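Below is one structure, written out as C-alpha cells; the observations come after it.
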Amino acid sequence: MVPDRLRRLLDPATIAVVGGAEAAEAIAQCDRLGYAGDVWPVHPTRRQIGGRRAVAAVDVLPGAPDAALVAVDRHRTIDVVAALRAVGAGGVVCFASGFAEVGREGALLQERLRVAAGDMPLLGPNCHGFVNALSGAALWPDAQGCLRVGRGVAVVTQSGNLALSITMRRRGPPVAQVITVGNQAGVRLEDCVAVLASDPRITAIGLHVEQLTDPVAFGRAAIRAWDHHTPIVVLQTGVSTEGAVLARTHTASLTGRTATYRSLFARYDVAVVHSAPAFVGALAVLHAYGRLGGTRAISLSCSGGEAALVADRGHHHGVTFPVPPPDVAAGIARALDQRVAVTNPLDYHTFQWGDRAALERVFTAALRGPVDVGLLVVDFPGADHDARSWQVAVDAVVAAQRATGVPVVVTAVLPENLPASVSAELADSGVPAVGDVDTALAAVAAAGRRGGRPALHRGASTDLPRALRRRDPPASRALLVGGGVLVPPGRFCTRAEIGAVAEEVGYPVTVKATEHEHKTDIGGVAVDLRTAAEVRAAVAAMMDLGDRFLVERHVPEVVAELLVGVRREGAIGYSVTIGAGGLLVDLLDDLVTLLAPVRRDEVMAALATLKVGRVLSGHRSRPAGDVVAAADAICRIVAIATSDPTVVELEVNPLLVLTEGVRAVDVLVLETSDMAGDDP
C-alpha cells in the first residue's frame, strides 16, 4: 500500500457515504466531531440523508471523494466499490460482512471485491471503518466516544467492537485515530502502522493483533515507527491457529503460535500486553512520557499492605524496586521526620496525610532516586465521603513530578476507587491514571521496554499443510547426521536382533522402541543397560510396544538436556524453540522462542536466559557444559529443518550437552504427506 494513497483515505477533505441508516449515522458522527469538509450522501431513492442532499449514484457525485463509506449489502458493495474506483475516489471503507470470514462463498466474493478496488485503498470488508479525531472525519456507522484532539494515540484493531469499547473508556490517553481493518482484503494492519508512524501528532500506536498477513511489511513499519520515536504496544489475543498442525510434538504443545508472535514483536522492540485495561494503560503512559528509561520504580503508598502487594505484583510483571541509595534515603527520612523506615516500595504512613507541603517533600525526595517511574497508590472514598485529603496526595505527587521530571503514574488497589473525574484532572496535568495496581505495573513494564534500532527479519514465508506424517525414524536420524549433528553410535533393529546389536554397539547401551512418538511416556526407553540380561529384561518390559528398536551407546556424564524444536509458522517463517529437555520438558516452564535464521551468539544469549542455562554455566560447582557446541548444534538443526521443503517440524529432545561436545539422542520429524486425505 502506497502511504500517500492511504493518507488520503484516512485524512480526507471530502467524504461520500453510500447507504441508508449507517450512512446517516456516519454523517452524525462527522457532525459531532466538527468535521469541516464536504460530506456527500449517495442513495438511489432518498433525497436527503443526515441533513444533506443525496445523489442517486456514485457517478453523479460533485467530485471524486477522498474517502467513501459503503454501507450496503455484500453483493451491492462490489458494484459500488467499482464505481468509486472509476470516479477516482481516494479510498473506501466496506462495512458489510459475509465475506471471507464466513467460508468459501464469502472468500470468492472478497476476491471479487479486491479486484473491484484495484489499487484504490480498501478498508475491510467486515469493519467499522475509522475515526480521525484530529480532523473530525468519521467513516464510522455507529456510536463512538472520541473527542476532537490536537494529538494523541492511534489504535488499530481487527475488531470493530473492541475499537468502539476503547473509544468509550472512562480513563486513558486522548485517542487521535481509531482504525479497524476487518478482513484486511486491501489495507492491512501493517500499512496503517507505516502511515501513522511518521505523523508527529501520533504519540503512540496501539495494535490489536490476531494474525499478521505480512510480517516483513510489519517489520518495516515497526522500524519506521522506531525511527520516528513512535512507540508501539500490541494487545495480543487469539493468535490464529488456522492451518496449524496438530500438537504432536512437545514444541507445539508447550508454545503454540503465541510465542512465535511474541518473539517477532520483541525483535522490533514492540511491547505486548494481554488485557484491554493494560493496553489502554500502556498507551496512557506512552502518551504522557514516551518510552520510559526502564522498569525501575518507586512505589508510594500509606499502607504496608499496599506496599507488599505492589512488590509482589511488580515481581510478576518484571518491574523492579531498587533500594534508595544512602543520600536519597536520608532525604526521604528527613521529609518523614525520621518516623518511618525508608524502603521501596515506600509505606509513608499517615503522619502527613492531608498536608500538601509535607507530602510534596516526601514524594519529591523519593523520586530523586535511581528510578524510571514513580507509582502513587491512592484509593478514593465513595461519593458520600469528603475526598479532599486524598486529592491532596494526588496534587502533591503531580507537583513532585514537575519538580523532578520523573514520570509518575497514579493508580489504586481497586479500579473503582480511582474516579473518572480524578483521572481527567490528572490527564490535564500530563500525569496518567491507570485503574489498578496490576494494570499499572503491566503498563509500566510495556512502556519501559528499550532496545537498539531493530533489524529487519526476513524469514521466508512457509506453507502450513493440512496433512502430516511422521518421517521414518532411521531417515530422521540420518537427516541429523547428514547435517553435521553428532549422535551416539547405534543401529536400528528388530526385537530378535537386539542382543547381537547391543554387543556390536558396546555396553552400556540405551534401548528405545521406535514405533511410538513419545516413548518415555509409555516406558519405551531403557538407559544405561550394562549386561545382556539387563537388555533382555528391558525388552521384555516393552513387549506391547512393537518390533522396531534403536540400540545406542549410552552417553554418560551429561551436564544438561535441551529441547530444540523448529517449526513452520506460515507467514512468519520458522520458529525455533529452545528449553530444558528430557524429563523436565513438561515440568519446567523454561522455554525461549527465536525466529529462523539464528546465529550462534543469538542462541548462546537465549540459553543464558533459561533456568537450564544456569546448569550449563556450572551451577553450584558442577562442571559446565559445552555451550558453544550446543549453540553450534542448534544452528545446524535449524539449518536442516529450514532447508528441507518437506519438513514441517523437527524436534530434538533431548540434545545432551556434555563438558565437551553434544549428542542428539532422539529426533522426531513431521513432514508433508503425499496423500491429501491422510489424517493429520
Side-chain angles (χ1 to χ4, degrees), residues 285-286 288-379 389-413 426 429-434 437 440-452:
V285 176
L286 291 168
Y289 307 116
R291 288 285 198 197
L292 301 179
T295 57
R296 301 170 303 168
I298 181 145
S299 173
L300 307 167
S301 64
C302 61
S303 161
E306 290 173 349
L309 174 66
V310 172
D312 288 347
R313 299 312 298 162
H315 177 76
H316 173 78
H317 290 287
V319 177
T320 61
F321 299 94
V323 176
D327 58 330
V328 174
I332 297 171
R334 286 193 298 272
L336 289 169
D337 298 329
Q338 313 293 330
R339 289 179 287 181
V340 175
V342 176
T343 59
N344 185 17
L346 176 65
D347 169 14
Y348 60 84
H349 292 230
T350 56
F351 298 118
Q352 291 138 328
W353 187 249
D355 185 334
R356 160 70 186 269
L359 287 177
E360 186 177 333
R361 286 194 295 272
V362 173
F363 298 159
T364 301
L367 291 174
R368 298 205 185 278
V371 296
D372 304 299
V373 64
L375 291 171
L376 175 67
V377 183
V378 55
D379 284 67
S389 295
W390 285 263
Q391 186 64 48
V392 163
V394 170
D395 293 341
V397 85
V398 170
Q401 192 280 321
R402 289 174 176 166
T404 61
V406 175
V408 165
V409 177
V410 176
T411 187
V413 173
L426 283 164
S429 301
V431 173
V434 180
V437 165
L441 290 165
V444 165
R449 293 169 55 88
R450 292 186 68 85

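Quick caveat: nothing in here was measured; it's all calculated off a predicted structure. Residue numbers run from 1 in the order of the sequence given.
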(request) Decide side-chain contact (heavy atoms from CB on, under 4.5 Å) for Phe321 and Val310; before the verdict, give the C-alpha distance in whole Å, the side-chain angles of both, and the deciding distance to 0.1 Å. (result) CA-CA 10 Å; Phe321 299 94; Val310 172; 3.4 Å; yes
Is a side-chain N or O of [X] found less than 3.5 angstrom from the main chain of [Y], in a donor-acceptor match?
{"X": "Asn344", "Y": "Pro322", "value": "yes"}
{"X": "Gln352", "Y": "Ala335", "value": "yes"}
{"X": "Thr411", "Y": "Val434", "value": "yes"}
{"X": "Asp372", "Y": "Leu292", "value": "no"}
{"X": "Ser429", "Y": "Val431", "value": "no"}

Do you know the tightest heavy-atom contact between [X] and [Y]?
{"X": "Ala440", "Y": "Val409", "answer": "CB-CG1, 4.4 Å"}
{"X": "Glu360", "Y": "Ala396", "answer": "N-CB, 3.7 Å"}
{"X": "Ala366", "Y": "Leu300", "answer": "CB-CD2, 3.8 Å"}
{"X": "Leu376", "Y": "Ala393", "answer": "CD2-O, 3.7 Å"}
{"X": "Ala443", "Y": "Val285", "answer": "CB-CG2, 4.2 Å"}
{"X": "Ala288", "Y": "Pro432", "answer": "CB-CD, 3.7 Å"}

How long is the span from the [atom1] atom in [X] to the [atom2] atom in [Y], to the nearest 0.5 Å?
{"X": "Ser301", "Y": "Asp347", "atom1": "OG", "atom2": "CG", "result": "5.5 Å"}
{"X": "Leu359", "Y": "Thr350", "atom1": "CG", "atom2": "OG1", "result": "10.0 Å"}
{"X": "Ser299", "Y": "Leu441", "atom1": "OG", "atom2": "CG", "result": "8.0 Å"}
{"X": "Thr320", "Y": "Ile298", "atom1": "OG1", "atom2": "CD1", "result": "11.5 Å"}
{"X": "Gln391", "Y": "Arg356", "atom1": "CD", "atom2": "CZ", "result": "9.5 Å"}
{"X": "His349", "Y": "Leu336", "atom1": "NE2", "atom2": "CG", "result": "8.5 Å"}

(request) Sort out for me which residue in Val397, Val340, Leu346 forms a side chain to side chain contact (heavy atoms under 4.5 Å, CB included) with Val362. (result) Leu346
(request) Indicate yes or no: at least one non-hydrogen side-chain atom of Glu306 is less than 4.5 angstrom from one of Val413. (result)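 Glu306 reaches Val413 side chain to side chain.
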(message) For a 4.5 angstrom cut-off between non-hydrogen side-chain atoms, does Tyr289 reach Val408?
(response) yes
(message) Parallel, tilted or perpendicular, judged at 30° and 60°: which one describes the rings of Tyr348 and Trp353?
(response)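 Tyr348 and Trp353: parallel rings.
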